[in-house]
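For reference, the structure is listed below as structure tokens.
Quantities reported herein were computed from a predicted structural model and do not represent experimental measurements. Chain identifiers are assigned alphabetically (A, B, ...) following the order of the sequence lines, protein sequences preceding nucleic acid strands; residue numbering begins at 1 within each chain. For the numbers below, each heavy atom of this structure counts, side chains included, while hydrogens, waters and symmetry mates do not.
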Protein chains: 2
Amino acid sequence: MTVRQDIHNSSAPVLCQACEARHRGICGALDPDQLVGLAKTSLRRRIRAGAELVGDAEAVDSYANILSGVVKLTKTLSDGRQQVVGLQFAPDFLGRPFKAESTISAEAATDLSLCSFPKAALERMMKEQPGLEHRLLRQTLRELDEAREWMVTLGRKTAAEKIASFLLLIAKNIDPARDPNARMAVFDLPLSRGDIADFLGLTIETVSRQLTKLRADGVIQIENNRHFVVENIARLEARSGS
Amino acid sequence: MTVRQDIHNSSAPVLCQACEARHRGICGALDPDQLVGLAKTSLRRRIRAGAELVGDAEAVDSYANILSGVVKLTKTLSDGRQQVVGLQFAPDFLGRPFKAESTISAEAATDLSLCSFPKAALERMMKEQPGLEHRLLRQTLRELDEAREWMVTLGRKTAAEKIASFLLLIAKNIDPARDPNARMAVFDLPLSRGDIADFLGLTIETVSRQLTKLRADGVIQIENNRHFVVENIARLEARSGS
DNA sequence: GAGGCCATTTGACCCAGATCAATGACGGCG
DNA sequence: CGCCGTCATTGATCTGGGTCAAATGGCCTC
């Protein structure tokens, strides 16, 4: 049987061979046969930054794994006020199972590479492979933890602490290969100042002023608006209020 | 087989017969045999308002279903600032699977009746009955939706809108038997002014002032600080900013 | 039913962050 | 190369909600 497994392993779809989602994402729950089955209906898509993936109250008939890039989840009040309620990075699963239409909208914050498949295909597979639902449950619980962490940031932190917390969040998530204990971080911000403001419950001006302050204090360096260097992550953490 | 099922049905543990969690909660996924199995290790507990159920960073070795009452989930920053990150009502499941220790603390907001069982018992049962994990996934997704909804409230609404949104949340959840379309609502607030402030990212004084304003405007009536009457829910909704 | 203990309300003032208004810095395009 | 359009920064001013302080009102005990 071990041999048989090996054969199967090597016969995993080429598409999936180098895929992050196959290891850390939900596809890790699938055996090679199932992987082949899902891959048959799946489709690799490239999406430009700014494109809307799912509109609010829009019916969705497909799910996807994020292969690279950042997705921004937002909710909008009737008068236009907007709140970013989550960011998703590779290899997160994208979609809201068991609901015909989404209550949030999803937008490509950066250029994106997705592996998408029909809603029905995944739901069929969930029935025959409980491990899939298990993976999904784990990701959902993690997202819930993150959302609650962010509620503290939104409800109780100052503007300066919010900005520091945000930069830490990005630094820690944008590069899947990054050493979690690294002392420094270099990254391109996936969000505009406006997006950051919507994420933190602030205005663009306040975001800008706080970033300027962090730079003036030597905690961060900024090049070309989007490229950030954090020499000493601990200094950011000290300002994050946690 | 139908007959056999019926026999099993009538042999469901007495404890579970009238239990809300058996229908709308996670126990709905269990067949009568499994229900008996879980009931053997389960324990009905009554808890006084104010008692701490789970401390932050405390190891937890049991889960529970809420049979009645309200549980307050909070997170606290190192300097004492506190944020209520969720409220749970009957028949919600209480606990964080797949994690040795909790990152939030749970407190009885009102007197509570719980049905608790050892962590190991549920995890064993989850392996033999995938439907259980399915129920858990559904509740977790719902909680995630709620958390994100609340992020909008925290990040983008005014104090007046926050208070109106909060009263709506309570009115709609505190009584499991309430008609969702009812035009009016009467309820006892499960939280103190301080708790409400911590839930909304406000101060006690602001909460009090906004409640006073709602009362002065005739939108709500308040008796004995905790007892609320909302004659016309639509008027509250109009002030909730959604 | 007097006194004490809280939770809540109310008032006066203040400040962090919003708002309004220029100004600066790119990058794309004719 | 110069003109826009977009995004970000910076400055001046305003204000919603915070802070500090005092009054009010239950409710409990004695």
Atom CZ of Arg215(B) and atom P of dG25(D) are separated, to the nearest Å, by 11 Å
In whole angstrom, give the distance that lies between atom NZ of Lys157(B) and atom P of dA18(C).
-> 18 Å
To the nearest Å, how far apart are Ile222(A) CD1 and dT9(D) P?
-> 6 Å
Residue Leu202(A), side-chain atoms from C-beta onward, closest of dA21(C), dA18(C), dG18(D) | dA18(C)
Between Leu200(A) (CG) and dA16(C) (P), how many Å, whole number?
-> 18 Å
Enter the inter-axis angle for the ends of the helix from dG1(C)-dC30(D) to dG30(C)-dC1(D) (five pairs per end, rounded to 10°).
-> 30°
Value rounded to 0.5 Å, distance of OG1 in Thr206(A) from CG in Leu200(A) = 10.5 Å
Over how many whole Å does the gap from Glu205(B) atom CD to dC14(C) atom P extend?
-> 16 Å
Of dA8(D), dA18(C), dA21(D), the nucleotide closest to the side chain of Ser192(A) is dA8(D)
Does dT9(C) have OP1 or OP2 sitting under 4.0 Å from an N or O in the side chain of Thr212(B)?
-> no
What is the minimum heavy-atom distance between Leu87(B) and Lys72(B), and which atoms define it?
-> CD2-CA, 3.9 Å
With respect to the phosphate group of dT9(C), does any side-chain polar atom (N or O) of Ser208(B) fall under 4.0 Å of OP1 or OP2?
-> yes
Rounded to the nearest 0.5 Å, the CD atom of Glu107(A) sits from the CG atom of Asp195(A) at a distance of 7.0 Å
Nearest-nucleotide pick for Arg226(A), side chain only, options being dC20(C), dC20(D), dA8(D) | dA8(D)
Quick one: Lys213(A) NZ to dA16(C) P, roughly how many Å, whole number?
-> 12 Å
Compare side-chain N and O positions of Arg209(B) against OP1 and OP2 of dT10(C) and report whether any pair is under 4.0 Å apart.
-> no
Contact check, side chains of Ile170(A) and Phe187(A), non-hydrogen atoms, under 4.5 Å = yes
Do Arg96(A) and Asp145(B) sit within salt-bridge range, that is, some charged N less than 4.0 Å from a carboxylate O?
-> yes
Rounded to the nearest Å, what distance is computed from the CD atom of residue Glu223(B) to the P atom of nucleotide dG25(D)?
-> 17 Å
Describe, in one word, how the ring planes of Phe93(B) and Tyr63(B) are oriented to each other, choosing from parallel (under 30°), tilted (30 to 60°) and perpendicular (over 60°).
-> tilted
State whether Asp92(A) and Arg142(A) are salt-bridged, where the test is any N-O pair (Lys NZ or Arg NE/NH1/NH2 against Asp/Glu carboxylate O) under 4.0 Å.
-> yes
Arg81(A) CZ to dG16(D) P, in whole Å, measures 13 Å
Proximal nucleotide (of dG11(D), dG17(D), dG17(C)) relative to the Gln210(A) side chain = dG17(C)
Is Leu211(A) touching bases, backbone alone, or none of the nucleic acid, heavy atoms closer than 4.0 Å?
-> nothing
OP1 or OP2 of dA18(C) under 4.0 Å from side-chain N/O of Thr203(A) = yes
Could you give the distance from CE (Met184(A)) to CD1 (Ile233(A)), rounded to the nearest 0.5 Å?
-> 8.5 Å
More 5' along DNA chain C: Arg156(B) or Arg193(B), using each one's nearest nucleotide?
-> Arg193(B)
